[in-house]
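Taking it in order: structure first as structure tokens, then the write-up.
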Amino acid sequence: MPILLIAVLAYILTQQETTYLLWTGGIVAAATLYWALYLRPRKGTRWLISLPEED
């Protein structure tokens, strides 16, 4: 099943326009840089989940 999924995704990627793939790659790269350079070094103060206390 994983091999079939990889083949289908490869086929779908070959059918996309290059411009759309470049836009998507740029957005993914920007998000990765944001995580690596800003969020990850500040993991003690960013992306913290706090639950409200029950009465």
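Taking CD1 from Ile12 and CD from Gln16, the interatomic distance works out to 7.5 Å, rounded to the nearest 0.5 Å. Distance check: Trp35 CH2 to Arg46 CZ gives 16.0 Å after rounding to the nearest 0.5 Å. Annotation: the span from Thr32 atom OG1 to Arg40 atom CZ amounts to 12.5 Å, rounded to 0.5 Å.
Using a 4.5 Å cut-off between side-chain heavy atoms of Ile, Leu, Val, Met, Phe, Trp and Tyr, with links allowed through other members, Met1 and Val8 fall into the same hydrophobic cluster.
Grouped with Ile3 in a hydrophobic cluster is no other residue, since no side-chain heavy-atom contact under 4.5 Å to another Ile, Leu, Val, Met, Phe, Trp or Tyr is found.
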Acceptor/donor pairs from residues 20-27 side chains to any protein atom, 3.5 angstrom cut, sequence neighbours excluded:
{"from": "Thr24", "atom 1": "OG1", "to": "Tyr20", "atom 2": "O", "distance (Å)": "2.9"}

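The nearest pair of heavy atoms linking Ala36 to Pro41 is O-CD, 3.4 Å.
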